[in-house]
Amino acid sequence: MHIAQNTHGLWGATAIAAPVTQPLDRQLNADFVVIGAGFTGLSTALHLAEEGARSVVVLEASEIGYGASGRNAGLVNAGAWIAPEELPRRLGPVYGKRLFDTLGNGPEQVYGLIARHGIDCDPVRQGNLHCAVGASGLALIEERARQWRALGIPVELLDATQTAALVGSDRFTGALRDPRTGTIQPLSYVRGLARVATQLGVRIFTQTAVVGKHKQGDVWQLRTSTGHVVSTPQVVVASNTRQEGRDDAWPELQSDAIRMPYFNMATEPLSQALRSKILPQGQGAWDTATVLSSFRMDRAGRLVYGSVGSLADWSRGTHRDWVRRAMTRLYPELRDTRIEHAWHGYIDVTANHLPHLHQPDDNVWAFGGYNGRGIAAGTVLGRELARVLVGRMDAVDMSLAPSAIRPLPFKRTRELFYDAGAVAAHAVNARF
C-alpha cells in the first residue's frame, strides 16, 4: 500500500517528499470531508481552504497520490478526449460550452497553481503533440485542428517535416500542437497540492478508508477502516478506483466506468546528444493508433513510453518487448538503451468519454471518469466544486450537471478485453 518504485516506477523514485501524515486515530467533526487524496480531492480541499472553509478533512485509503494521480504519464492536456464539436452534441449547448471552456482552461489553472505555490514538479509548457500515424491519422488531426480553430483555439497543424523536427523521428505524417498544454511530474504535483492544502489548514489522514456511512439528521457519519468515525454535513467522493476486498461507502460510483489499464516504462538517462534530438523542446506526445502510445522526456533525460495494458506477471514481458521494438522503430539509436522503470495504473473510461458528476446521496458529490485527462480536469473541477460548496457559485452554473449513475453492462468482461486485447496487439504489432 506504500508508494515505491515497484508501484509508481519513475515517479516513485524521483518525486518530492509528501507531507507527513498519519491514519485517523480519533473521532472527528468537520465541515467538509473529501474522500481521496488525488488531483480532484486535493484540488477540492485546497480551494475550499482558500475560499475560507475552516474545517476540511481528507481521508485517503492508501497514500497521497497512490492511485491514478501518481501513476499516469504526466501530460497536462486541454479539452476532453472527444472532438470539440462532440461536447454540445452530447451535453447540449449550455453544458457543452461550459465544459469546453472549463477543460480548455485546465492547463492554465494547473500551471498557475504550480507557479503561485512554488510546487516543485518539473513543469514544462511547450505544447503537447498529437502525432498522426498514416493517412487516416493525418485526416483525424486535420479535422481536430479545423474544429479547434473554428472555436477560436490557436492550435498548430504540423506537417511531417515539422513533426520530425520536434519528435526526432520521421515516422509520423504530421502532428497537432496545442500551445496550452505541457508536462509535469504527476506524483510531485499531487504531493505539492497536499503540501499547500496542509499549510492552509486542511487535515489529511492516510491509510484511512471510508468503509461505511450513516445519515443522522443532516450529518453524515463516515465509518473508517481505523475504527473511528468522522461526522460532516458535506462529502466529496474523489476516488474512482475501488480497492479489492475492502468495503466502500458508495460502491455504486464504481459501476459506470471501465477501468482501462495503462503502463509506462522509462529508460535510463539518455546522452546529451540524444536529448538534443528526441523531443528537444520538451513536448509530451501521443499518437492516433487504435492502441495508442504516449511518450515524453523527464527532467533527467529519460524517455517515458506508455501504452494500454497492465504489467501483470503474464503480460509484463510482452509489453516490455513491444516497448523495445516501438522505441527502436522511432529511435534506432535506443536499441541498446536500458529500461530502468516500469509501472501501470488505470484510466476510467465512461460510455460518453466525458467526466461525470454524480450526487449519490444528499450533500454527497462525486466526480469521475476523466478518460485519461485527469490532471487538468481534476484540478479545475475540484476548484469549481469547492466554490459551490462554500456558496461562491450556484450549482446550476457548474460545468457539468449531475447525472444518474448508469451501470455499464458487462463491465468486468470489457475490462478483461482491454487488458487481453492490449497484450495481443503488442505481441504482433511492431508499431507503424
Side-chain angles (χ1 to χ4, degrees), residues 39-40 43-44 47-48 50-51 75-113 125 127-130 139-157 176-182 236 238 240 256-257 286 288 347-359 365-406:
F39 300 134
T40 307
S43 177
T44 303
H47 286 102
L48 280 169
E50 283 195 330
E51 294 286 355
L75 274 62
V76 185
N77 283 323
W81 176 254
I82 60 176
E85 290 181 357
E86 281 297 306
L87 269 70
R89 292 174 188 160
R90 301 189 188 194
L91 297 178
V94 174
Y95 283 103
K97 177 65 165 60
R98 288 181 189 171
L99 191 63
F100 174 85
D101 290 340
T102 297
L103 296 183
N105 290 328
E108 185 69 32
Q109 296 292 328
V110 170
Y111 288 104
L113 264 177
R125 196 178 186 188
N128 292 335
L129 304 170
H130 192 185
L140 185 151
I141 65 166
E142 287 174 340
E143 175 58 19
R144 289 286 179 104
R146 183 197 67 77
Q147 292 187 26
W148 280 116
R149 288 169 173 172
L151 293 164
I153 306 301
V155 296
E156 183 180 5
L157 189 62
L176 182 64
R177 177 179 174 271
D178 188 334
R180 300 170 294 177
T181 62
V236 176
N240 290 105
D256 73 340
W286 75 102
T288 62
I347 296 171
D348 280 345
V349 179
T350 58
N352 64 356
H353 297 288
L354 291 171
H356 292 170
L357 171 62
H358 297 310
Q359 287 187 279
W365 303 78
F367 278 121
Y370 295 134
N371 299 273
R373 299 290 177 106
I375 297 174
T379 299
V380 294
L381 292 175
R383 175 179 180 268
E384 189 173 271
L385 181 55
R387 297 185 69 202
V388 170
L389 292 173
V390 298
R392 288 283 302 277
M393 178 180 181
D394 290 334
V396 295
D397 295 325
M398 294 180 72
S399 301
L400 284 169
S403 59
I405 300 170
R406 296 183 175 89

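Bear in mind the structure is a predicted one, so any value in this text is a computation, not a measurement.
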Practice item. Mark yes when over 12 heavy atoms from residues, nucleotides or ligands other than Arg392 sit less than 6.0 Å from its CZ; otherwise mark no. Key: no
Point to revise | Residues, nucleotides or ligands: over 12 heavy atoms within 6.0 Å of Arg406 CZ | key: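 No, because the 6.0 Å sphere around CZ of Arg406 holds 12 heavy atoms or fewer from other groups.
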Practice item. Assess whether side-chain contact (heavy atoms from CB on, under 4.5 Å) is satisfied between Leu99 and Leu400, documenting all intermediate values. Key: CA-CA 7 Å; Leu99 191 63; Leu400 284 169; 4.0 Å; yes
Practice item. Could you please spell out the steps behind the salt bridge (Lys or Arg N to Asp or Glu O under 4.0 Å) verdict for Glu86 and Arg89? Key: CA-CA 5 Å; Glu86 281 297 306; Arg89 292 174 188 160; 2.6 Å; yes
Practice item. Using atom types as modelled and distance alone, determine if a side-chain donor or acceptor of Glu384 lies under 3.5 Å from a backbone N or O of Ser399. Key: yes
Check your understanding: How far apart are the C-alpha atoms of Glu108 and Arg125, what are their side-chain angles, what is the distance that settles it, and do they pass the salt bridge (Lys or Arg N to Asp or Glu O under 4.0 Å) test?
Key -> CA-CA 10 Å; Glu108 185 69 32; Arg125 196 178 186 188; 3.1 Å; yes
Review point. Which heavy-atom pair separates Pro179 from Val155 by the least distance, and what is that distance?
Key: CD-CA, 4.2 Å
Point to revise | Worked check of side chain to side chain donor-acceptor pair (under 3.5 Å) between Asp256 and Thr350 | key: CA-CA 7 Å; Asp256 73 340; Thr350 58; over 6 Å; no
Review point. Any chance the side chains of Asn77 and Asn128 put a donor and an acceptor closer than 3.5 Å?
Key: yes
Review point. Are Glu143 and Arg146 ion-paired here, with the side-chain N under 4.0 Å from a carboxylate O?
Key: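 The answer is yes: the pair qualifies as a salt bridge.
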Point to revise | Candidate pair His130 and Asp178, rule side-chain contact (heavy atoms from CB on, under 4.5 Å), full reasoning | key: CA-CA 8 Å; His130 192 185; Asp178 188 334; over 6 Å; no
Check your understanding: Taking it one step at a time, do Thr44 and Phe367 satisfy side-chain contact (heavy atoms from CB on, under 4.5 Å)?
Key -> CA-CA 11 Å; Thr44 303; Phe367 278 121; 5.7 Å; no
Check your understanding: Does the ring of Tyr95 carry Arg98 above it, NZ/CZ under 6.0 angstrom from centre and within 45° of its axis?
Key ->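 Yes, Arg98 lies over the aromatic ring of Tyr95.
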